2 protein chains.
Amino acid sequence: MAPSRATPNPAILAGMSSEALAPQPAPIAPRRPRAPGPAPNGAGSLARMLEVLDLFTAETPLLRVDDLQARLGYTKSTAYRYVKTLCDAGLLAQPAQGCYALGPRIVELERLMRIADPLLQAGEAVLPSLAAEVPNSMVLLCSLYRDKVLCVHREGPEAIQAGGRSITILRARGLPLPLFQGAASLAILAWLPPHRIRALFLLRQAAMAAAGLGADWAAVRQRLAGIRREGFVATAGRFNRHLAAVSVPVLSRDGSQVAGSLTRIMALSDYAGQEPALLARALQGGAGQVSARLA
Amino acid sequence: MAPSRATPNPAILAGMSSEALAPQPAPIAPRRPRAPGPAPNGAGSLARMLEVLDLFTAETPLLRVDDLQARLGYTKSTAYRYVKTLCDAGLLAQPAQGCYALGPRIVELERLMRIADPLLQAGEAVLPSLAAEVPNSMVLLCSLYRDKVLCVHREGPEAIQAGGRSITILRARGLPLPLFQGAASLAILAWLPPHRIRALFLLRQAAMAAAGLGADWAAVRQRLAGIRREGFVATAGRFNRHLAAVSVPVLSRDGSQVAGSLTRIMALSDYAGQEPALLARALQGGAGQVSARLA
DNA sequence: TAGCTTTCCCCATAATATGGGAAACAGGGT
DNA sequence: ACCCTGTTTCCCATATTATGGGGAAAGCTA
């Protein structure tokens, strides 16, 4: 600080009475106790802080501290402390004063993931030729994380001509897919080890039923066994009225577990003329190549 | 938990003596106090938890809990609690038992940033034609976040033929650049509002000097003023012995502040035959188009 | 199923996150 | 250049809760 910004006497500037400058005996208000209970929220303060990230969406990428305070029920102090901690970690950033957004660390970490992800590496090498095999179609590489299926890579055109219109899937990487719906997810689910499927069922039976996977354990089990017997999943007009999808699992190199799924998306009109099993065969070839390239 | 996990009586199951069930005077080992001091680490526990993310690198994308425990000095309990909290938030994931990696939430959040970032939107529209103007060259769009410059988008070939070899810049998005070195960073720095430059200088004078920006405030100020007068930054052989770069600032639509920088990277041999100011002029045209497209 | 590692749970206490208010700061206007 | 307004940090006592150790449960491998 070269010229040393030296004007720290706001008390006088603010016109406070001289009394206020005398040593105050006990003017500090004691902390207002929160309502008793095991935990005010579902978790500890560490998890509470991370909830801040959930508030950022494509519709509201910029938030003010007031919004956080209101939406999460914190006080101003706490909201600012969370924001400051997250900013220091780079997970948030301030594009402008009073304005917060997701931060650079996220982009940086995502790059690390791209560099380190063997599935992505393998997919980038194999998918281009696979996508080119069928005109007006794109190929998606998806992956399962605990209880979330994400599109990891897309190859082929950004848009598909279908139903007289151009249907675009923009910025596919990172697109979250419903766990129990869609060819890409089912192709992963069906090849999960039995105890994983069972655990998922016990935990999210309602969601499975709602997605039409099956009302009880027997139905779900049977449905997934059917998919495994076929070797692929084909859906038509579910994700979009004018689109169809065929998906096959990508297994780890030793074939012991499922690493993700490979999905071709095409116009429903193009799909109608073809044999699903034939489309699946081509995908299975690609999936085998991807598997072979996995570290 | 279909059969309702209702067996919360570990004392009996474990075969403890009935004495142990009586009110225990003080059998529980008191918490071992940590070394006294204002704070064991530089920050509170919230920031401490986020340090876990720093341990994941391109070289070590997979970590075991023992590693975290050892590298951050936590106990097993704490390490597992952090990991669980971060996993629940999706910032970490377990590809396999005993194995942790960066999680799906990061990819998902990064997608949100791509969707919402006006600079990226504008860049994707403008850069392709700009990159094609000069063969064997790529164009980088970079942005400043508080104290970090990141490449946000790359257009053009992935590799440049220079010095008889092919020099590749892979996965440019998310690539961190040194704040005080390189054309892309300097083109942003120089157009920062004076008080921001001054704040940076006060905070990181040593780093500026080490990067050759200037030993004292006068030198730094003069150097940046010189860049502003020129209107661009050109470097040759700094980032890589066989490459040269020309960079210009991208201003906000109203021109009041700098939003990022636009940089062309080319082979040093190609650069040598050209007039830097002419290259800069073309970039300035592109930067103007990007600015015009900013929301 | 047994045997192993990994993960979670329990609890008292020490560490620290919290909340209220005021100081310091930054940006925009005149 | 200055004030003025809204934003951000600092301060401190106390209540909340994160911590650490040991042991139970869960998950995977053989």
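Predicted model, so just to flag it, every value in this text is computed and none were measured. Throughout, protein chains are lettered first and strands after them, A, B, ... in sequence-line order, and every chain is numbered starting at 1.
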message: Enumerate the salt bridge (charged side-chain N to carboxylate O under 4.0 Å, His left out) contacts for residues 249-260 of chain B, please, sequence neighbours excluded, ordered by first and then second residue.
response: none
field: Residue pairs, two or more places apart or on separate chains, that pass salt bridge (charged side-chain N to carboxylate O under 4.0 Å, His left out) and touch residues 53-68 of chain A
entry: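 Residue pairs with at least one partner in residues 53-68 of chain A: D54(A)-R105(B).
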State whether [X] places a side-chain N or O below 4.0 Å from either non-bridging phosphate oxygen (OP1 or OP2) of [N].
X	N	answer
Y74(A)	dA17(C)	no
R196(A)	dG27(D)	no
T75(B)	dT19(D)	no
R48(A)	dT17(D)	yes
S45(A)	dA18(D)	yes
R81(B)	dT17(D)	no
Y80(B)	dG20(D)	no
H195(B)	dG27(C)	yes
S77(A)	dG19(C)	no

Side-chain donor/acceptor pairs under 3.5 Å, residues 94-101 of chain B, sequence neighbours excluded:
unit_1: Q94(B); atom_1: NE2; unit_2: Y100(B); atom_2: OH; d: 3.1

- line: When the rotation axes relating C1' atoms of four end pairs to the next four are compared across the helix from dT1(C)-dA30(D) to dT30(C)-dA1(D), five pairs an end, they differ to 10° by 80°
With sequence neighbours excluded, residues passing side chain to side chain contact (heavy atoms under 4.5 Å, CB included) with A209(B):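 Not a single residue meets the side chain to side chain contact (heavy atoms under 4.5 Å, CB included) criterion with A209(B).
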Pairs of donor and acceptor atoms involving the side chains of residues 77-87 of chain A, under 3.5 Å and at least two apart or interchain, shall be tabulated with distances.
unit_1: T78(A); atom_1: OG1; unit_2: T75(A); atom_2: OG1; d: 3.2
unit_1: K84(A); atom_1: NZ; unit_2: D88(A); atom_2: OD2; d: 3.2
unit_1: T85(A); atom_1: OG1; unit_2: R81(A); atom_2: O; d: 2.9

- prompt: So do L112(A) and I106(B) actually touch side chain to side chain, heavy atoms under 4.5 Å?
  reply: no
query: Quick one: L72(A) CG to dG19(C) P, roughly how many Å, whole number?
result: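 The answer, rounded to whole Å, is 12 Å.
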message: How many whole angstroms separate atom CD1 of I197(A) from atom P of dG27(D)?
response: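 To the nearest whole Å, that distance equals 15 Å.
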F56(B): partners by ring-ring contact (aromatic ring centres under 6.0 Å, His included), with sequence neighbours left out: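 Expected list: none.
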- line: By ring-ring contact (aromatic ring centres under 6.0 Å, His included), F201(B) pairs with (sequence neighbours left out) W217(B)
query: Where along residues 85-106 of chain B does a heavy atom come under 4.0 Å from DNA chain C, residue by residue in number order?
result: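 Within residues 85-106 of chain B, the residues near DNA chain C are Q94(B), Q97(B), G98(B), Y100(B).
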- prompt: Listed by chain and number, what are the side-chain hydrogen bond (donor to acceptor under 3.5 Å, both in side chains) partners of Q69(A), not counting sequence neighbours?
  reply: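 In terms of side-chain hydrogen bond (donor to acceptor under 3.5 Å, both in side chains), with neighbours along the sequence ignored, Q69(A) is linked to no residue.
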task: Specify the residue among A199(A) and K76(B) whose closest nucleotide of DNA chain D lies further upstream toward the 5′ end.
output: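 Final value for this comparison: K76(B).
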List every contact pair, protein side and nucleotides 2-4 of chain C side both N or O, where the distance is under 3.5 Å.
none

task: Would you mind listing every side chain to side chain donor-acceptor pair (under 3.5 Å) that reaches into residues 184-200 of chain A, with sequence neighbours excluded?
output: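 For residues 184-200 of chain A, and leaving out neighbouring residues, there are no side chain to side chain donor-acceptor pair (under 3.5 Å) pairs at all.
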